[in-house]
Amino acid sequence: MTARMNPARILLVSNVRPLRVWKIARRIPHEIPGVQICGIVQRPMQKLPLAQQRIANGATRAKHRFYSLFEEFMHWVLWLAHGAPPNLDNTRKFTVEKLAEKCGQAGWPFLLAENIGDAKVLEFIRQQDVGLLIVLGDIPLSSELLSIPSHGVIRAYYDEHNHNRTKVGESLQINQIKIEHFTRGSETAFTIAHLKMPLQPYDGLAGVTLKSDLIADDLLLQTAIGLQTASQVKTSKAVMEWIQRIYSPYLTQLEPVPTQTAQAKLSRQRFRSEWKLSVETLLFSPFAFARNWYRRLRGHYPVLVLAHHLVSDRPHRMGISTENFWQAVSFLRRHYRIVSLAEAVELLRSGNVKVPTVVLTFDDGYADNFVNLRAVADEAEIPVALFITTQPVEIQCEFQHDLAHGIKGVLPLTWDQIQYWGSQGAEFGSHTRTHLDCGSADRTKLEWEIVGSKHDLEGHLGKSVGFFAFPFGNPDNISSDAADMASSVYSHVASCSGGENLPDKADNHRYLVRKNLYSDLWELELELQSVLDWVETIKRRFRLKRAEPAISSGRATTTSALSTYANR
């Protein structure tokens with residue numbers, strides 16, 4: 001008598017990068033109570049699609065061998081300049097061998113196979129008592145394979161022609177993702193869910209793949225959840241409703257790029273000329289080198305908090321493209337430890353930071369971040385923190401500072417997206433209700449903005465919010481009344497005035513300074529090493545006389561308000 005199949009046993013068949021299958025395998029038991037992984041079948045790395053191989057190797061495009069060698073040389077130069085321990089490199093590739101090792105530790109049977117349809121693979125799957133089989137990537141599904149799992153097979157299907165389109169202007173501008181379910185023994189798929197993701201001007205192969213894979217994994221999880229207790233039809237209805245709540249508010253903002261338009265060039269990738277960057281690098285590198293080695297000897301590196309606004313593949317004056325952000329994160333992971341805001345505070349309080357460390361924060365709460373930023377952060381497995389301006393989220397309108405620059409149609413996150421992202425580990429802090437310039441001395445307005453935004457966030461997140469970032473963030477945008485107000489309700493506050501957060505056991509580190517997250521890696525490195533701060537300090541000291549800006553009685557300098565706040 002044949003043993004009864006257990007619907008709570010899921011097996012994964014993968015034609016995608018090993019890290020992706022490992023991540024979804026970890027999510028399944030966490031997000032579907034009572035379900036367990038009963039096995040993983042993985043194709044070799046060299047047999048995977050090109051986009052999967054590139055992402056697994058940490059690249060967005062193929063590189064000439066000479067360029068790759070030069071890049072490796074520069075990485076070693078930076079390691080030397082940072083005084084960083086040799087084992088800091090966090091970009092070791094997650095290989096098939098690593099996946100096999102992880103599966104062994106988790107107690108999951110693992111099989112490496114070139115041909116998913118051969119007899120060895122089919123026998124392996126039969127032995128695992130599979131309830132539901134999840135297919136990742138494009139794999140031919142044979143009748144023998146479809147006849148094994150008791151609850152059938154689900155897969156994410158990308159329209160092949162659209163998914164391979166990597167440059168705007170070729171033919172189609174829609175990347176369509178479908179979730180299909182094959183019942184046991186059936187070769188006809190039932191479409192559980194589908195959505196369309198219009199491709200944008202700055203989209204490239206790696207960026208589109210990262211975003212598509214993120215969305216597909218979310219939908220596969222929602223489908224697996226539904227099929228545990230419901231029929232195809234009911235599961236389809238539930239997943240489509242979930243898409244309407246979670247993804248549609250962002251995707252409906254996007255418009256397909258006209259077919260005649262060539263792939264757009266990213267604007268303002270670098271804010272300074274090459275000759276200026278060269279001079280600054282030559283002049284200040286020796287000082288940075290000596291300082292970094294001194295910090296290594298003392299275990300006294302700063303924690304550098306980086307600030308940006310949105311990762312977006314459509315034009316925006318404050319945006320960085322998905323692929324550029326992926327490159328920046330790959331660089332940061334190679335030379336810095338990336339921690340959460342909560343971890344950063346604990347490190348600073350310990351008085352001992354042994355390696356270069358950064359935090360990634362994003363202001364305002366743009367909906368573009370839900371797909372683009374989240375896709376990169378999920379792939380790199382790094383924490384991010386978002387400071388939310390709550391009123392635009394509440395009424396779903398554009399940010400006033402965008403409208404002032406003629407930018408329309410770029411909306412904020414929704415509360416459903418914030419709650420879902422928070423459940424995945426993102427940190428959220430407050431950024432006032434309306435993005436107020438907190439240089440105001442109107443305490444009634446400040447309370448409504450600063451305290452009210454905390455109540456808004458906590459009401460929707462269901463937990464305490466301890467971090468606050470001042471909009472604009474310069475000293476004249478923060479009055480003493482605003483600093484007092486923030487100190488009374490938040491455990492930590494941040495500004496964008498530049499500078500370093502140095503570890504000190506005697507300091508409570510309630511005030512954090514932030515730097516700019518530049519998309520150009522050269523400029524970013526000079527910012528991280530405080531070279532740009534030194535340049536600005538010298539410019540101020542030797543600048544020709546000019547009238548000092550008027551500061552009203554309600555405004556505060558860095559020393560009179562922020563430093564006072566930091567020492568409370």
Side-chain angles (χ1 to χ4, degrees), residues 27 30-33 214 218 221-222 225 241-250 305 307-311 338-346 359-378 381-397 399 411-436 438 446-471 473 485-494 510 512 514:
R27 287 182 64 183
H30 177 72
E31 298 184 28
I32 314 177
L214 174 80
D218 282 346
L221 262 293
Q222 294 301 314
I225 291 170
E241 288 175 351
W242 188 86
I243 290 173
Q244 288 300 312
R245 287 192 301 110
I246 301 299
Y247 276 111
S248 292
Y250 166 63
V305 183
H308 210 283
H309 291 83
L310 74 160
V311 181
I338 303 176
V339 301
S340 66
L341 273 173
E343 290 174 298
V345 171
E346 291 304 312
V359 180
L360 300 180
T361 67
F362 290 80
D363 289 355
D364 302 341
Y366 286 92
D368 293 61
N369 288 332
F370 185 72
V371 173
N372 307 315
L373 167 58
R374 193 163 66 96
V376 174
D378 181 72
E381 298 185 299
I382 57 169
V384 293
L386 298 98
F387 291 104
I388 304 298
T389 304
T390 58
Q391 191 180 76
V393 174
E394 190 70 41
I395 64 178
Q396 282 298 290
C397 67
F399 296 97
L411 297 175
L413 294 158
T414 67
W415 288 122
D416 284 330
Q417 290 170 336
I418 290 172
Q419 290 165 354
Y420 180 74
W421 202 351
S423 71
Q424 302 294 314
E427 289 180 303
F428 288 95
S430 171
H431 202 49
T432 73
R433 275 179 162 159
T434 68
H435 205 269
L436 176 75
C438 291
L446 289 171
E447 182 175 4
W448 187 82
E449 292 275 358
I450 296 173
V451 182
S453 62
K454 177 181 172 70
H455 293 160
D456 295 341
L457 270 175
E458 291 179 340
H460 287 277
L461 289 174
K463 59 183 179 182
S464 177
V465 173
F467 289 93
F468 174 81
F470 284 103
M485 189 75 65
S487 69
S488 68
V489 292
Y490 294 96
S491 57
H492 299 88
V493 67
R510 299 190 67 191
L512 301 172
R514 298 190 292 168

*Any idea how Phe399 and Tyr366 line up, ring-wise: parallel (<30°), tilted (30 to 60°), or perpendicular (>60°)?*
tilted
*For the atom pair NE2 (His435) and OG1 (Thr390), what is the distance rounded to the nearest 0.5 Å?*
12.0 Å
*Atom pair CD1/CD of Ile243 and Gln222 - distance to nearest 0.5 Å*: 9.0 Å
*Tell me, with the steps shown, if Arg510 and Ser491 meet side chain to side chain donor-acceptor pair (under 3.5 Å).*
CA-CA 6 Å; Arg510 299 190 67 191; Ser491 57; over 6 Å; no
*Are side-chain heavy atoms of Leu457 and Ile388 found at a separation under 4.5 Å?*
yes
_pair Leu512-Leu341: side-chain heavy atoms closer than 4.5 Å_ = yes
*Looking at Tyr420 versus Trp415, is the centre-to-centre ring distance below 6.0 Å?*
no
_side-chain contact (heavy atoms from CB on, under 4.5 Å), that's the test. Do Thr414 and Val393 meet it? Break it down for me._
CA-CA 6 Å; Thr414 67; Val393 174; 5.6 Å; no
*asked:* Quick check: do Leu411 and Tyr250 have side-chain heavy atoms less than 4.5 Å from each other?
replied: no
*asked:* Taking the side chain as everything from C-beta on, heavy atoms only, tell me whether Ser430 gets closer than 4.5 Å to Tyr490.
replied: yes
*Taking the side chain as every heavy atom from C-beta outward, state whether Asp218 and Arg374 have any pair of such atoms under 4.5 Å apart.*
yes
*Passing candidate, side chain to side chain contact (heavy atoms under 4.5 Å, CB included) with Leu310, options Asp364, Asn369, Asp363, Asn372*: Asn369
_To the nearest 0.5 Å, what is the distance between OH on Tyr247 and CG on Asp416?_
13.0 Å
*Are Thr432 and Phe470 close enough, and set up right, to give a side-chain contact (heavy atoms from CB on, under 4.5 Å), and what steps lead you there?*
CA-CA 8 Å; Thr432 73; Phe470 284 103; over 6 Å; no
*Does some side-chain heavy atom of Leu436 sit less than 4.5 Å from a side-chain heavy atom of Leu446?*
yes
*Ignoring hydrogens and angles, tell me if any N or O in the side chain of Gln417 forms a donor-acceptor pair with the backbone of Ala367 under 3.5 Å.*
no
*Going from OG on Ser340 to CD1 on Ile382, what distance comes out if it is rounded to the nearest 0.5 angstrom?*
11.5 Å
*Heavy-atom pair of closest approach, residues Pro383 and Glu343*: CG-OE1, 4.4 Å
*Report yes or no: does Gln396 contribute a side-chain atom to a donor-acceptor pair with the main-chain N or O of Leu413 at less than 3.5 Å?*
yes
*Taking it one step at a time, do Ile418 and Leu386 satisfy side-chain contact (heavy atoms from CB on, under 4.5 Å)?*
CA-CA 10 Å; Ile418 290 172; Leu386 298 98; over 6 Å; no
*Do the non-hydrogen side-chain atoms of Gln391 and Cys397 ever get within less than 4.5 Å of each other?*
no
*Take Val345 and His492, measure what side-chain contact (heavy atoms from CB on, under 4.5 Å) needs, and give me the verdict at the end.*
CA-CA 9 Å; Val345 171; His492 299 88; 3.2 Å; yes
*Quick check: does any side chain N or O of Glu458 sit under 3.5 Å from a backbone N or O of Val465, one acting as donor and the other as acceptor?*
yes
*asked:* Let me confirm one number: the CZ-NZ distance from Phe467 to Lys454, rounded to the nearest 0.5 Å.
replied: 11.0 Å
*Between Glu31 (side chain) and Leu221 (backbone), is there a donor-acceptor pair under 3.5 Å?*
no
*In Å, rounded to the nearest 0.5 Å, how long is the span from CG of Asp378 to CG of Leu214?*
5.5 Å
*Would the Phe428 and Phe387 ring centres measure less than 6.0 Å apart?*
no
*With the side chain counted from C-beta on, respond yes when Val384 and Thr361 share a heavy-atom pair under 4.5 Å apart, and no when they do not.*
no
*Quick one: closest heavy-atom pair of His431 and Thr389, and the distance?*
CD2-OG1, 3.4 Å
*Is there a donor-acceptor pair closer than 3.5 Å between any side-chain N or O of Glu447 and the backbone N or O of Gly452?*
no
